[in-house]
Amino acid sequence: MPGSLDSSEQFARCARLIGAADGLLITAGAGLGVDSGLPDFRGSEGMWRAYPALGQARMHFQDIANPSAFVRNPRLAWGFYGHRLKMYRETEPGPAFRVLQEIARHLPEAAFVFTSNVDGHFQKAGFDPLRVCECHGSIHYLQCADGCMNDVWSADKFSPEIDEDSCLLIGDLPGCPWCKRLARPNILMFGDWGWIDARTREQRSRLDVWRAKVDRLLVLEIGAGTGVPTVRLFGESQGCPIIRINTSEAKTAADFGISLRMSATEAMHGIAAALRDTGFLE
């Protein structure tokens, strides 16, 4: 069983799988962002520590990460998402990203990313934006809250001002350039029938083209849990070996993958050292 091996043996097995692959599918969930220093929203206690005003109101993540929140209280909804937008812009991606890039450069078909994270950190870390599929959208893009023109546009010109004590947007609410009504993040939320998925569908089409060229695929999954299993299920559907890195939910089938119950940084540094021992990395 994978869990019976010590770390050095596990890292050596990972190095052998990577050395045998011609393409790497990096599947990533919230745990990778936490490893970069972002708050852990998995569970109300974590979110309430980051947003005390929501804790005082006993609002759970699914209550604020919901299109109905923009109807009930748009300044509160944008207080939450505006704060996250600022935080993601200001936070630097963790060291695991650099190791992933280094590995990808040594594979014939390099790597493609499939992530539920909306922080844009793969692009910020230098990954080719054309090799990233954000299955839940991105906070760096906006859409009309009413979906008037089925359009998506960059949030670069939006600089939210937030009263962090009350979790309220105190500046101007972002507006749709077409109908001038409220704009919202182009993110798939809970109970969301209005998410405009055109950008993500284009990304997925590019992923499918890349996948068809890869004969010896390896999935490297980081921080993808079972609470919202989109990323985990997509990786498992590929029918190839999986390296699963997760601090709490790392289990894989013994004959199908390798489980690393540790942080992304610890795992990627260990894998990189094993790859240097084999001569794969310099």
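Residue numbers run from 1 in the order of the sequence given. No hydrogens, no waters, no symmetry mates; every other heavy atom, side chains included, goes into these values.
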Query - side chain to side chain donor-acceptor pair (under 3.5 Å) pairs, two or more places apart, involving residues 52-64 - result: S44-H60
Enumerate donor-acceptor pairs with a distance under 3.5 Å from any side-chain N or O in residues 273-282 to protein atoms, sequence neighbours excluded.
unit_1, atom_1, unit_2, atom_2, d
T278, OG1, L275, O, 2.8
T278, OG1, F280, N, 3.3

Report task. Of all the heavy-atom pairs spanning I64 and A77, show the shortest one and how long it is. Result -> CD1-CA, 3.9 Å
Query raised in the report: Do F112 and L24 come within less than 4.5 Å of each other through their side chains, counting heavy atoms only?
Result: no
Query raised in the report: Do H269 and P95 come close enough that some side-chain heavy atom pair is under 4.5 Å?
Result: yes
Query raised in the report: Are side-chain heavy atoms of P241 and V219 found at a separation under 4.5 Å?
Result: no
Query - D192 with R184: basic N within carboxylate O range, under 4.0 Å - result: yes
Report summary line: In terms of heavy-atom contacts, S116 and C135 come closest through CA-SG, 3.7 Å
Query raised in the report: Atom CD of Q10 and atom CG of L260: how far apart are they, to the nearest 0.5 Å?
Result: 5.0 Å
Query raised in the report: Would you call F80 and F61 a side-chain contact if the rule is heavy atoms closer than 4.5 Å?
Result: yes
Query - Residues which pass side-chain contact (heavy atoms from CB on, under 4.5 Å) with E266, listed by chain and number, not counting sequence neighbours - result: M262, S263
Requested in this report: Would you indicate whether the side-chain heavy atoms of P177 and W153 approach each other to under 4.5 Å?
Outcome: yes
Query raised in the report: M149: which other cluster members, linking ILVMFWY side chains closer than 4.5 Å, directly or transitively?
Result: W178
Query raised in the report: Does I187 reach the side chain of I139, with side-chain heavy atoms less than 4.5 Å apart?
Result: yes
Query raised in the report: So, the side chain of N186 versus the backbone of S138: is there a donor-acceptor pair under 3.5 Å, distance only?
Result: no
Report task. Indicate whether any N or O donor in one side chain lies under 3.5 Å from an N or O acceptor in the other, for S205 and R201. Result -> no
Query raised in the report: Quick check: does any side chain N or O of S36 sit under 3.5 Å from a backbone N or O of G94, one acting as donor and the other as acceptor?
Result: yes
Query raised in the report: Taking the six-membered ring for Trp, are the ring centroids of F158 and W78 within less than 6.0 Å of each other?
Result: yes
Query raised in the report: Is the backbone N or O of D119 less than 3.5 Å from a side-chain atom of N117, with the two atoms forming a donor-acceptor pair by type?
Result: no
**Report entry** Single hit among R211, R206, R204 for salt bridge (charged side-chain N to carboxylate O under 4.0 Å, His left out) with D208
**Finding:** R204
Query - Main-chain N/O of D215 paired with D22 side-chain donor or acceptor, under 3.5 Å - result: yes
Requested in this report: Verify side chain to side chain contact (heavy atoms under 4.5 Å, CB included) between I18 and I271, making sure each step is shown before the conclusion.
Outcome: CA-CA 9 Å; I18 291 170; I271 292 171; 3.6 Å; yes
Query - side-chain contact (heavy atoms from CB on, under 4.5 Å) involving S8 - partner list, sequence neighbours excluded - result: D6
Requested in this report: To the nearest 0.5 Å, tell me how far Q143 CD sits from D197 CG.
Outcome: 9.5 Å
Requested in this report: Mark yes or no for whether T115, through its side chain, and A28, through its backbone, hold a donor-acceptor pair below 3.5 Å.
Outcome: yes
Query - Distance flag, aromatic centroids of H83 and Y51, threshold under 6.0 Å - result: yes
Query raised in the report: Mind checking who shares a hydrophobic cluster with I196, ILVMFWY linked at side-chain heavy-atom distances under 4.5 Å?
Result: Y141, V152
Requested in this report: Kindly give the cluster partners of V228, where membership spreads through any ILVMFWY side chain lying under 4.5 Å from a current member.
Outcome: none
Requested in this report: Return the minimal non-hydrogen interatomic distance between M87 and P39, and the atom names on each side.
Outcome: SD-CD, 3.4 Å
Report task. Kindly compute the distance separating CD (Q123) from NE2 (H121), expressed to the nearest 0.5 Å. Result -> 10.0 Å
Report summary line: N246 and A224 have their tightest heavy-atom pair at ND2-O, 3.3 Å
Query raised in the report: Is the backbone of E109 close enough, under 3.5 Å, to the side chain of W210 for a donor and an acceptor to pair up by distance?
Result: yes
Query raised in the report: For R261 and T247, what are the C-alpha separation, side-chain angles and deciding distance, and is it a side chain to side chain contact (heavy atoms under 4.5 Å, CB included)?
Result: CA-CA 5 Å; R261 191 182 177 92; T247 57; 5.8 Å; no
Report task. Drop me the distance from L25's CG to L220's CG, to the nearest 0.5 angstrom. Result -> 9.5 Å
Requested in this report: Taking all non-hydrogen atoms of both residues into account, name the closest pair between L182 and F70 and its distance.
Outcome: CD2-O, 3.7 Å
Query raised in the report: Can you find a pair of side-chain heavy atoms, one from L17 and one from I258, that are under 4.5 Å apart?
Result: yes
Query raised in the report: What residue pairs, at least two apart or across chains, pass side chain to side chain donor-acceptor pair (under 3.5 Å) with a residue in residues 24-35?
Result: D35-T265
Report task. Dump the intermediate steps for side chain to side chain contact (heavy atoms under 4.5 Å, CB included) on Q203 and L207, then the final yes or no. Result -> CA-CA 6 Å; Q203 293 176 332; L207 170 54; over 6 Å; no
Query raised in the report: With a 4.5 Å heavy-atom cut-off, do M268 and L100 have their side chains touching?
Result: yes
**Report entry** Residue pairs involving residues 122-138 (criterion salt bridge (Lys or Arg N to Asp or Glu O under 4.0 Å); sequence neighbours excluded)
**Finding:** E92-K124, E134-R199
Requested in this report: Could you tell me whether a side-chain N or O of N73 sits under 3.5 Å from a main-chain N or O of L76, the two making a donor and an acceptor?
Outcome: yes
Report task. Quick one: pull up CZ in R49 and CG in L54 and give me the separation to the nearest 0.5 Å. Result -> 14.0 Å
Query raised in the report: Got a sec, which pairs hit salt bridge (Lys or Arg N to Asp or Glu O under 4.0 Å) with one end in residues 138-159, sequence neighbours left out?
Result: D146-R181
Query - Closest non-hydrogen atom pair between M47 and M59, with its separation - result: CE-O, 3.1 Å
Report task. With rounding to the nearest 0.5 Å, note down the distance linking CG in L32 to CD1 in I222. Result -> 5.5 Å
**Report entry** Summary of salt bridge (Lys or Arg N to Asp or Glu O under 4.0 Å) pairs that have at least one residue in residues 227-241, sequence neighbours excluded
**Finding:** E221-R232, E236-R244
Requested in this report: Using modelled atom types only, decide if a donor and an acceptor are shared between the side chain of Q101 and the backbone of A125 within a distance under 3.5 Å.
Outcome: yes
Query raised in the report: Using links of under 4.5 Å between side-chain heavy atoms of ILVMFWY residues, direct or through other members, which residues join W195 in one cluster?
Result: L188
